Peer 1: 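Questions regarding the structure given below will be posed in turn.
Each chain gets a letter, A, B and so on, in the order the sequences are listed, and its residues count up from 1. Values reported hereafter were calculated over all heavy atoms of this structure, with side chains retained and with hydrogens, waters and symmetry mates removed. In this text, all values refer to a predicted model and were calculated from it rather than measured experimentally.
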Amino acid sequence: MDLFEHVGDGGGAGDNTPEFTVSEIAGTVRRILEGEMAHVRVRGEVGRVVHARSGHLYFDLKDDKSVLSCMTWKGQMAGLDLMPEEGMEVIAEGKMTASGFSSKYGLNVTRIAVAGEGALMAMLERRKKALAAEGLFAAERKKPLPFLPEIIGVVTSPQGAVIRDILHRLRDRFPRKVMIWPVAVQGKECAPQVAAAIRGFNALTPGGALPRPDLIIVARGGGSIEDLWGFNEEIVARAAAESAIPLISAVGHETDTTLIDYVADRRAPTPTAAAEMAVPVRAELIAWTREQEARLLRGVRQGVERRRQRLSDLSRILPRPETLLSDPRQRLDRAEARLGAALERSAARKRKTFEAVAGALRPAALRARLREAQRRLDTCGGRLAPALTRDVALHRDRLGKVRLRAEPLVLRLGRGRDALARAAAALDRCEAQGRLRRRDRLDALGRMLGTLSYQGTLARGYAVVRDGAGAVVTEAGEARKNEALEIEFRDGRVPVRRG
Amino acid sequence: MNGTPVAEMSFEEAMKELEAVVGRLESGDVPLEDSIKLYERGAALKDHCQKKLAEAEEKVALITTDADGNPKGLQPADIK
């Protein structure tokens, strides 16, 4: 039995398990895998991405431990809303497949989406930084909007509130020619269509059958970040940055800022606001033009009026020629009338003066005056020499009479000597008399002194009482206090003891 | 006064020059002959501005594209 058993089973436990060929097992694995996991969603970070020349897309999804090979076939590419980029957090959908050829399994991805808003925002930040680094957001790149565009190109959906809001506000302010380039404003067609529309408007010829607009508005209403995502795509941002036509972006609500807003020349918070930026208010311009017209007319009228006024002012100030000349003319007339008489009077006056002078100038009169003068000169000349001689003789005579004598001097000397002697005698006398007078006076004073001194009093019978020290005692009480007293009499002192 | 023919001017150019012309006339320091010329230029600019303002016509059209997305033509848009 054992033998048979062993032979039949081919040896060992489980020998009854059927045998597979390699291809059979590969096909079985594939069938199980694809049968069990025909539709899965996998969340992970995109790793390496390869766009194969064949048109297929290969990429990795990974987490911290594992890596999953993913592929999307060429025919499936059109269905992808999002192209995976390395570092992107995504949710990939598809079926698992296994390849018997290389013993590998993978995920055939047919849909792919960014995993959550945070991941989208992170991706947007990365793009923003990259474009900012290229200088696409620089303020000096911004073009000024035309003051009054003739044709406005609008890139948006022809349906919905956005285009209506724009057209209404344009109509209110300044109706214009508007060309709408219809585009998908969400989904995978959005970005390529918007970019193509911006480029397409720029490629038109000014004034052509399809005239080139002089302003572009790219508009879309509010929506989720995913809805607006097309306006965050790099191709849209680049097309807007390259636009030679000034461009206003008005995508989403005021709080949503998409990549195109950074590169647009102006960003409008709403489609209505974009229309307001695009055109001025016609009614205001009409009013302004009327005002300019009035000012123009007033300006030119005032210019003329001012000159007329000035002319009239000046002509008032300017005197008439008659009045200007009348006064000098009168003066001339008066002067002319007086000229003849004045000339005659003047001549007569001068003639008279001349005659008075000329009368004195007759030759006879002059000769008489000359003779008289000659005579006086002769007389004086004759007297000059004798007078001098006489004067000299007189002075010589007086000099002879003057002589110096001694007698008067001797006489005066004698008189002086006598006077001196007399004065000396008088001095002696005065001196003697003075000495006598002084002695008498001294005697008298001596006598008076004797009379007035206490000794004189003692002589008249009075006595002086002194104490032991010799001091004079004048009070009875004081005398009582002293044991020993001394009484001075005229001729001496007697000691007294009180008993 | 620049030499650009008024008819070729944009509204904004005409507007700016008109403003300058009015300013000069009002300043009163323009010789009489010049002020007449200035007035004539100003009047032409004003007419041009008014003409541009009168040309306020709304015309809305949709661009049609061919299969490659290239513009093909215009079709009237009926957007109320």
Peer 1: List the steps, then state whether side chain to side chain contact (heavy atoms under 4.5 Å, CB included) holds for B:Lys46 with A:Thr289.
Peer 2: CA-CA 6 Å; B:Lys46 183 266 300 172; A:Thr289 308; 3.8 Å; yes
Peer 1: Who wins among B:Leu45, B:Leu74, B:Val60 for the most heavy-atom pairs under 4.5 Å with chain A?
Peer 2: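 Counting heavy-atom pairs under 4.5 Å, the top option is B:Val60.
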Peer 1: Residue by residue, which of residues 192-212 of chain A have a heavy atom closer than 4.5 Å to a heavy atom belonging to chain B?
Peer 2: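 Within residues 192-212 of chain A, near chain B: A:Phe201, A:Leu204, A:Ala209, A:Leu210.
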Peer 1: With a 4.0 Å cut-off on N to O distance, would you call B:Glu26 and A:Arg295 a salt bridge?
Peer 2: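 Counted as a salt bridge, because a side-chain N and a carboxylate O are separated by less than 4.0 Å.
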Peer 1: Using every non-hydrogen atom in the two residues, find where B:Ala54 and A:Arg282 come nearest and quote the distance to one decimal.
Peer 2: CA-NH2, 4.0 Å
Peer 1: Among B:Cys49, B:Ala77, B:Gly42, single out the residue with the greatest number of heavy-atom pairs under 4.5 Å to chain A.
Peer 2: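 Highest number of heavy-atom pairs under 4.5 Å: B:Gly42.
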Peer 1: Would you check, one step at a time, whether the test side chain to side chain contact (heavy atoms under 4.5 Å, CB included) holds for B:Glu19 with A:Trp288?
Peer 2: CA-CA 10 Å; B:Glu19 205 158 37; A:Trp288 179 86; 3.8 Å; yes
Peer 1: Hey, are B:Lys52 and A:Glu150 close enough for a salt bridge, meaning a charged N less than 4.0 Å from a carboxylate O?
Peer 2: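 So B:Lys52 pairs with A:Glu150 through a salt bridge.
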Peer 1: Are there over 12 heavy-atom neighbours, none belonging to A:Lys142, within less than 6.0 Å of that residue's NZ?
Peer 2: yes
Peer 1: For the candidates B:Ala61, B:Ser27, B:Gly73, which exhibits the highest count of non-hydrogen atom pairs separated by less than 4.5 Å from chain A?
Peer 2: B:Ala61
Peer 1: Measure distances from A:Gln302 to the heavy atoms of chain B and classify the residue's part below 4.5 Å as side chain, backbone, both or neither.
Peer 2: neither
Peer 1: Who wins among A:Pro182, A:Pro280, A:Gly303 for the most heavy-atom pairs under 4.5 Å with chain B?
Peer 2: A:Pro182
Peer 1: Nearest 0.5 Å please: distance from the CG atom of A:Leu296 over to the CD atom of B:Glu40.
Peer 2: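 Rounded to the nearest 0.5 Å, the CG-CD separation comes to 10.5 Å.
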Peer 1: Can you tell which part of B:Ser35 gets under 4.5 Å to a heavy atom of chain A, answering side chain, backbone, both or neither?
Peer 2: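 For B:Ser35, heavy atoms of backbone and side chain both lie under 4.5 Å from chain A.
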Peer 1: I need the A:Ile286 CD1 to B:Gln50 CD distance, nearest 0.5 Å.
Peer 2: 8.5 Å
Peer 1: With a 4.5 Å cut-off on heavy-atom pairs, point out which of A:Lys177, A:Glu293, A:Met179 contacts chain B the most.
Peer 2: A:Glu293
Peer 1: Highest number of heavy-atom pairs under 4.5 Å with chain A: which of B:Leu62, B:Asn70, B:Val30, B:Thr64?
Peer 2: B:Leu62
Peer 1: Can you tell me if A:Lys143 has over 12 outside heavy atoms packed within less than 6.0 Å of its NZ?
Peer 2: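 More than 12 within 6.0 Å, yes.
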Peer 1: Using non-hydrogen atoms and a 4.5 Å limit, figure out which bit of B:Thr65 sits close to chain A: side chain, backbone, both or neither.
Peer 2: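 For B:Thr65, side-chain heavy atoms alone lie under 4.5 Å from chain A.
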Peer 1: Chain B contacts: which residues in residues 305-318 of chain A have a non-hydrogen atom closer than 4.5 Å to it?
Peer 2: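 Residues A:Arg306, A:Arg307 are the ones that qualify, each having a heavy atom under 4.5 Å from chain B.
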Peer 1: Decide if atom CZ of A:Arg238 counts as having more than 12 heavy atoms of other residues, nucleotides or ligands within a radius under 6.0 Å.
Peer 2: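 Yes.
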Peer 1: CD/B:Glu57 to CZ/A:Phe174 distance, rounded to the nearest 0.5 angstrom?
Peer 2: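 CZ of A:Phe174 is found 12.0 Å from CD of B:Glu57.
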Peer 1: Check the pair A:Ile180, B:Ile63 against side chain to side chain contact (heavy atoms under 4.5 Å, CB included), reporting the backbone distance first and the verdict last.
Peer 2: CA-CA 6 Å; A:Ile180 303 166; B:Ile63 289 183; over 6 Å; no
Peer 1: Rounded to the nearest 0.5 Å, what separates atom CD in A:Glu291 from atom CG in B:Leu18?
Peer 2: 10.0 Å
Peer 1: Select, from A:Leu285, A:Leu148, A:Leu297, the one with the greatest count of heavy-atom pairs under 4.5 Å involving chain B.
Peer 2: A:Leu285
Peer 1: What's the separation between atom OH in B:Tyr39 and atom CZ in A:Arg301, rounded to the nearest 0.5 Å?
Peer 2: 7.5 Å
Peer 1: I need the B:Glu55 CD to A:Arg176 CZ distance, nearest 0.5 Å.
Peer 2: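 That separation rounds to 7.5 Å.
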